[in-house]
Amino acid sequence: YTLSLHDALPIWMLKEQLDYANRVYSNYFGIPGQEDTGVRFAPATHAPDGKPLSTPGMIYEKEPVEIDSANAELEDRYVWDMEHALNVWVCPITNVYEDEYSIFAGFSYFPFFDENELLPGCDIYKPGLATGIFLNKQAVLPANSISTFAHEAGHFLGLAHVFGQGEIGRASCRERE
């Protein structure tokens with residue numbers, strides 16, 4: 001998780017988000033017809049340069065990082081190597097639909113790869129493109145909806161909503177079977 005200092009996510013909240021996602025992806029709840037995916041999430045203990053993180057799973061930025069949902073671009077210094085980390089940002093998200101009854105909780109992008117490692121359905125990496133999960137601090141911090149990370153992680157892993165026709169421009173899960 002990348003956070004600005006004044007938007008600090010309590011460590012207990014990070015733990016709850018990861019614990020819930022791990023229960024969901026292991027079928028801890030024993031839902032008929034579902035299986036253990038073998039996917040587990042754990043906070044990083046070291047930064048890409050090898051230095052230990054003062055708080056596992058979190059990097060605190062001195063300046064606020066803000067994401068435009070219509071054009072999510074980040075400086076490369078904020079993006080860790082996707083072979084070793086799932087990038088997750090908790091920050092203000094602009095250019096989103098909100099009304100008095102709902103708030104935009106987050107979004108995710110499929111991973112990007114080098115051209116010679118490209119997987120079907122994924123895109124080629126270009127500097128400045130963001131990949132990973134973006135959680136809206138205005139939604140996550142006050143409400144602590146523990147399912148938000150698990151939900152967005154599913155999209156990052158290529159899962160569409162079960163109640164729709166698939167994501168725009170992407171095949172639904174059924175079409176990929």
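All of these numbers come straight from a predicted model, not from anything done at the bench.
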Query - Check against side-chain contact (heavy atoms from CB on, under 4.5 Å), L53 and H46 - result: CA-CA 5 Å; L53 297 176; H46 292 76; 5.6 Å; no
Report task. Fit a plane to each ring of W89 and F134, take the angle between them on a 0 to 90° scale, and name the class: parallel (under 30°), tilted (30 to 60°) or perpendicular (over 60°). Result ->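 Rings of W89 and F134: parallel, under 30°.
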4.5 Å side-chain heavy-atom contact, [X] and [Y]:
X: M13; Y: I146; value: no
X: K137; Y: C91; value: no
X: P43; Y: L18; value: yes

Sorted by first residue and then second, give each salt bridge (Lys or Arg N to Asp or Glu O under 4.0 Å) pair with at least one member in [range]; sequence neighbours left out.
range: residues 84-95; answer: none
range: residues 24-37; answer: D36-R40
range: residues 19-31; answer: K15-D19

Query raised in the report: Rounded to the nearest 0.5 Å, what separation is found between the CG atom of N136 and the CD atom of E152?
Result: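 That separation rounds to 10.5 Å.
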Report task. Determine, step by step, whether M58 and V90 satisfy the side-chain contact (heavy atoms from CB on, under 4.5 Å) criterion, reporting the C-alpha distance in whole Å, the side-chain angles of both residues, the deciding distance to 0.1 Å, and the verdict. Result -> CA-CA 10 Å; M58 293 190 202; V90 178; over 6 Å; no
Does the [X] side chain pair with the main chain of [Y], one donor and one acceptor, at a distance under 3.5 Å?
X: Y25; Y: G154; value: yes
X: N87; Y: G132; value: no
X: T148; Y: A105; value: no

Query raised in the report: When you look at F107 and L135, which way does the side-chain contact (heavy atoms from CB on, under 4.5 Å) test go after all the steps?
Result: CA-CA 7 Å; F107 64 97; L135 302 176; over 6 Å; no
